[in-house]
Peer 1: 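Sharing a structure, written as structure tokens. Questions coming.
All values below come from the heavy atoms of this structure, side chains included, with hydrogens, waters and symmetry mates left out.
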Amino acid sequence: MPIVPTQDIVDRAFEDRYGVAAINVVNDLTMAAVLAAAQELRAPLIVQTSVKTVEAMGVNVLYALWAELAEGVSVPVALHLDHCPDRDLITACLEAGWNSVLFDGSKLSVEENQRQCVEVVEQAREYGALVEGEIEPFARVEDLAGDAPPPELSLETALAFIEATGVDVFAPAIGNAHGMYRAAPTLDNKRVTEIVEAAGIPVALHGGTGMSAAQFSDLIARGCAKVNISTALKIRFMASGYDYMSANPGKYDPPSLFRAQTKAVEEMAAEHIRMFGSAGKAWVS
Ligand code: 13P
């Protein structure tokens with residue numbers, strides 16, 4: 001069975017200090033493409049779904065698609081719900097079979113975030129699911145004032161939240177943001193080391209698109225076992241469609257277009273899997 005608990009995937013990566021690509025997909029084509037890349041490279045993979053994608057496709061349709069496509073690979077894979085503040089949607093996804101969730105209480109006070117996150121962890125345990133937590137909202141690159149990184153809360157606040165909630169993975173702000181950086185971001189890599197050393201849990205690296213290979217390997221060595229990529233997939237998926245239509249004017253043949261997009265997304269996923277050191281790390285479960 002290729003679908004495994006997210007905890008198994010993350011634990012091994014954390015222990016051996018490689019990064020597992022956690023890639024946000026937007027539909028059936030992109031889900032199949034990232035799974036194909038993992039299969040080809042014998043890599044474990046986390047497939048992520050945003051709230052928007054779950055709402056657009058519907059929990060049951062999306063899960064049925066996942067179950068069917070994951071059945072076709074022999075590497076360990078897991079399904080994760082990215083940034084979700086909606087407790088009802090978390091419940092629906094856990095019930096359907098998602099392997100992990102990021103409870104996003106970052107817009108709440110830390111106290112209220114913590115109170116609700118405790119409940120999410122308790123609920124997720126019933127399903128054998130992993131919970132990722134966060135206390136600082138991640139900005140979108142385009143919303144940042146100049147190149148100022150979003151603010152970080154104190155290390156004590158982060159550690160107290162991790163301890164009180166029992167989250168399995170923590171997603172700290174380290175100067176990262178979602179979207180395509182205008183310039184290489186300056187990252188607070190020491191914060192990763194401080195959290196990992198004090199809390200002993202893996203860190204999820206958000207805002208992966210546009211970071212350099214050197215930044216990835218440094219952060220992964222410090223304990224970023226889960227590395228999130230979303231914007232790179234959206235760009236590759238849409239740009240490859242545009243390129244295909246520009247190169248083939250008047251060719252209105254969806255299967256040919258879809259083949260070109262699948263290949264482009266698969267290559268994007270493979271590049272990241274290789275860069276994160278998880279190629280060849282699949283185990284037989
Ligand atoms: P990017 O869109 O910058 O790759 O960030 C992905 C992410 O962190 C999803 O939660």
Peer 1: Report whether Leu153 and Leu108 are members of the same hydrophobic cluster (ILVMFWY, side-chain heavy atoms less than 4.5 Å apart, transitive linking).
Peer 2: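 Same cluster: Leu153 reaches Leu108 through Ile, Leu, Val, Met, Phe, Trp or Tyr contacts under 4.5 Å.
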Peer 1: So Asp168 and Arg125, salt bridge (Lys or Arg N to Asp or Glu O under 4.0 Å) or not? Walk me through it.
Peer 2: CA-CA 11 Å; Asp168 310 289; Arg125 294 287 175 262; 3.0 Å; yes
Peer 1: Tell me, yes or no, whether the heavy-atom count around Met238 atom CE, taken from other residues, nucleotides or ligands under 6.0 Å, exceeds 12.
Peer 2: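 Open: at most 12 neighbouring heavy atoms sit under 6.0 Å from CE of Met238.
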Peer 1: Are any of the side-chain nitrogens in Lys263 or Glu40 under 4.0 Å away from the carboxylate oxygens of its partner?
Peer 2: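 No.
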Peer 1: Given 3.5 Å as the limit, does a donor-acceptor pair link the side chain of Ser278 with the main chain of Arg274, or not?
Peer 2: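 Not at all, since once roles are kept as given, no pair shorter than 3.5 Å links the two residues.
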Peer 1: Please determine if Arg17 forms a cation-pi arrangement with Phe14, meaning its NZ or CZ atom is less than 6.0 Å from the six-membered ring centre and no more than 45° off the ring axis.
Peer 2: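 So Arg17 does make the cation-pi contact.
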Peer 1: Counting only N and O atoms by type, is there a donor-acceptor contact under 3.5 Å from the side chain of Thr209 to the main-chain atoms of Gly179?
Peer 2: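 Not at all, since once roles are kept as given, no pair shorter than 3.5 Å links the two residues.
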Peer 1: Do any N or O atoms from the side chain of Tyr181 and from the backbone of Ala177 form a donor-acceptor pair under 3.5 angstrom?
Peer 2: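 Side chain of Tyr181 to backbone of Ala177: a pair is present.
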Peer 1: Does a salt bridge link Lys107 with Glu134, judged by any charged N lying under 4.0 Å from a carboxylate O?
Peer 2: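 A salt bridge is absent here (no side-chain N lies under 4.0 Å from a carboxylate O).
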Peer 1: Please check this pair: side chain of Glu112 against backbone of Ser109, looking for a donor-acceptor N/O pair closer than 3.5 Å.
Peer 2: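 Looks like no, no N/O pair under 3.5 Å.
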Peer 1: Does any part of the side chain of Leu187, heavy atoms only, come nearer than 4.5 Å to the side chain of Leu219, both counted from C-beta?
Peer 2: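 Answer yes - side chains close enough.
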Peer 1: Answer yes or no: is there a side-chain heavy-atom contact under 4.5 Å between Phe103 and Val121?
Peer 2: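 Sidechains of Val121 and Phe103: no contact.
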Peer 1: Is it the case that more than 12 heavy atoms not belonging to Glu267 sit under 6.0 Å from its CD atom?
Peer 2: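 More than 12 within 6.0 Å, yes.
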Peer 1: How long is the span from the CD1 atom in Ile201 to the CD atom in Glu163, to the nearest 0.5 Å?
Peer 2: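 It is 11.0 Å, given to the nearest 0.5 Å.
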Peer 1: Working to the nearest 0.5 angstrom, can you tell me the gap between Ser50 OG and His178 NE2?
Peer 2: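 If I round to the nearest 0.5 Å, the distance is 11.0 Å.
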Peer 1: Under 3.5 Å, side chain of Gln39 to main-chain N/O of Val73, donor-acceptor pair present?
Peer 2: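 No, because the side chain of Gln39 does not come within donor-acceptor range (under 3.5 Å) of the backbone of Val73.
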Peer 1: Compare all side-chain heavy atoms of Leu35 with those of Trp66 and state whether any distance is below 4.5 angstrom.
Peer 2: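 Sidechains of Trp66 and Leu35: in contact.
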Peer 1: Side-chain contact, heavy-atom cut-off 4.5 Å: Gln215 with Pro185?
Peer 2: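 Yes. Closest side-chain heavy atoms under 4.5 Å.
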Peer 1: Measure from the side-chain N and O atoms of Asp16 to the backbone N and O of Tyr18, and report whether any donor-acceptor pair falls under 3.5 Å.
Peer 2: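 Not a single qualifying donor-acceptor pair exists.
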Peer 1: Same cluster for Ile235 and Val141 if Ile/Leu/Val/Met/Phe/Trp/Tyr side chains link at under 4.5 Å?
Peer 2: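 Ile235 and Val141: separate clusters.
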Peer 1: Checking the side chain of Asp86 only, and the main-chain atoms of Leu89 only, is there a donor and an acceptor separated by less than 3.5 Å?
Peer 2: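 A pair under 3.5 Å: yes.
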Peer 1: Apply side-chain contact (heavy atoms from CB on, under 4.5 Å) to residues Ile90 and Cys84 and explain how you reach the verdict.
Peer 2: CA-CA 7 Å; Ile90 287 181; Cys84 186; 3.7 Å; yes
Peer 1: Look up atom CG in Leu69 and atom CD in Glu71, then write down how far apart they are to the nearest 0.5 Å.
Peer 2: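 Here the interatomic distance stands at 10.5 Å.
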Peer 1: Going through the checks in order, is the side-chain contact (heavy atoms from CB on, under 4.5 Å) test met by His80 and Val101?
Peer 2: CA-CA 5 Å; His80 177 83; Val101 298; 5.6 Å; no
Peer 1: Establish, from distance only, whether the side-chain atoms of Thr49 and Trp98 form a donor-acceptor pair under 3.5 Å.
Peer 2: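 Yes, Trp98 and Thr49 have a side-chain donor paired with an acceptor closer than 3.5 Å.
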Peer 1: Shared ILVMFWY cluster between Leu79 and Leu65, side chains joined below 4.5 angstrom?
Peer 2: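 Hydrophobic grouping puts Leu79 with Leu65.
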Peer 1: Give the C-alpha distance, both sets of side-chain angles, the deciding distance and a yes or no for salt bridge (Lys or Arg N to Asp or Glu O under 4.0 Å) between Arg115 and Glu119.
Peer 2: CA-CA 7 Å; Arg115 189 190 70 72; Glu119 293 176 358; 3.1 Å; yes
Peer 1: After noting the C-alpha distance and the side-chain angles of Gln261 and Tyr244, does the key distance pass the side-chain contact (heavy atoms from CB on, under 4.5 Å) rule?
Peer 2: CA-CA 8 Å; Gln261 290 181 298; Tyr244 179 86; over 6 Å; no
Peer 1: For side-chain contact (heavy atoms from CB on, under 4.5 Å), just list the numbers for Thr30 and Leu233, CA-CA rounded to whole Å, side-chain angles, deciding distance to a tenth of an Å, and then say yes or no.
Peer 2: CA-CA 8 Å; Thr30 52; Leu233 180 140; 3.8 Å; yes
Peer 1: Take atom CD of Glu68 as the centre, draw a 6.0 Å sphere, and report whether it contains more than 12 heavy atoms from other residues, nucleotides or ligands.
Peer 2: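 It does not: Glu68 CD has 12 such atoms or fewer within range.
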Peer 1: For His272, check ring-ring contact (aromatic ring centres under 6.0 Å, His included) against everything at least two apart and list the hits.
Peer 2: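 His272 satisfies ring-ring contact (aromatic ring centres under 6.0 Å, His included) with Phe276 only.
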Peer 1: Going from CZ on Arg236 to CD1 on Ile229, what distance comes out if it is rounded to the nearest 0.5 angstrom?
Peer 2: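 So the CZ of Arg236 and the CD1 of Ile229 are separated by 11.0 Å.
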Peer 1: Could you tell me how the ring of His83 sits relative to the ring of Phe138: parallel (under 30°), tilted (30 to 60°) or perpendicular (over 60°)?
Peer 2: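 It falls in the perpendicular class, over 60°.
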Peer 1: So, taking the atom named CD1 in Ile174 and the one named CG in Leu205, what distance separates them when rounded to the nearest 0.5 Å?
Peer 2: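 Rounded to the nearest 0.5 Å, the CD1-CG separation comes out at 5.5 Å.
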Peer 1: Testing Asn27, Val25, Leu62 for side-chain contact (heavy atoms from CB on, under 4.5 Å) with Thr53, which one passes?
Peer 2: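 Among Asn27, Val25, Leu62, the one meeting side-chain contact (heavy atoms from CB on, under 4.5 Å) with Thr53 is Leu62.
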Peer 1: Any chain of hydrophobic side-chain contacts (each under 4.5 Å) joining Val26 to Val51?
Peer 2: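 Yes, it is one cluster - the side chains of Val26 and Val51 are joined through contacts under 4.5 Å.
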Peer 1: May I ask you to test the Thr165-Phe170 pair for a side-chain heavy-atom distance under 4.5 Å?
Peer 2: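 No, too far: nothing below the 4.5 Å cut-off.
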Peer 1: For the backbone of Leu130 and the side chain of Thr6, can you confirm whether one donor and one acceptor N or O come within less than 3.5 Å of each other?
Peer 2: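 No, because the side chain of Thr6 does not come within donor-acceptor range (under 3.5 Å) of the backbone of Leu130.
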Peer 1: Counting only N and O atoms by type, is there a donor-acceptor contact under 3.5 Å from the side chain of Arg222 to the main-chain atoms of Thr193?
Peer 2: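 Not a single qualifying donor-acceptor pair exists.
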Peer 1: Checking Gln48 against Ser230: is there a side-chain donor and acceptor pair closer than 3.5 Å?
Peer 2: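 Checked: Ser230/Gln48 side chains show no N/O donor-acceptor pair below 3.5 Å.
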Peer 1: How many angstroms lie between atom NZ of Lys190 and atom CG of Leu155, to the nearest 0.5 angstrom?
Peer 2: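 One finds 13.5 Å between NZ of Lys190 and CG of Leu155.
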Peer 1: Can Glu136 and Arg191 be said to form a salt bridge (Lys or Arg N to Asp or Glu O under 4.0 Å), step by step?
Peer 2: CA-CA 13 Å; Glu136 299 113 344; Arg191 190 166 196 233; 3.0 Å; yes
Peer 1: Under a 3.5 Å cutoff, is there a donor and acceptor pairing between the side chains of His206 and Asn176?
Peer 2: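 Checked: His206/Asn176 side chains show no N/O donor-acceptor pair below 3.5 Å.
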Peer 1: Hydrogens and angles aside, do Asp82 and Asn24 bring a side-chain donor and acceptor to less than 3.5 Å of each other?
Peer 2: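 Yes, a side-chain donor-acceptor pair sits under 3.5 Å.
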Peer 1: Can you find a side-chain donor-acceptor pair between Ser100 and Glu132 that sits under 3.5 Å?
Peer 2: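 Side-chain D/A pair, Ser100 to Glu132: absent.
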Peer 1: Keeping the roles fixed (side chain from Asn113, backbone from Gly105), state whether a donor-acceptor pair exists under 3.5 Å.
Peer 2: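 At least one qualifying donor-acceptor pair exists.
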Peer 1: Treat each ILVMFWY residue as a node, draw an edge where side-chain heavy atoms are under 4.5 Å apart, and state whether Val47 and Leu102 are in one component.
Peer 2: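 Unlinked, Val47 and Leu102 end up in two clusters.
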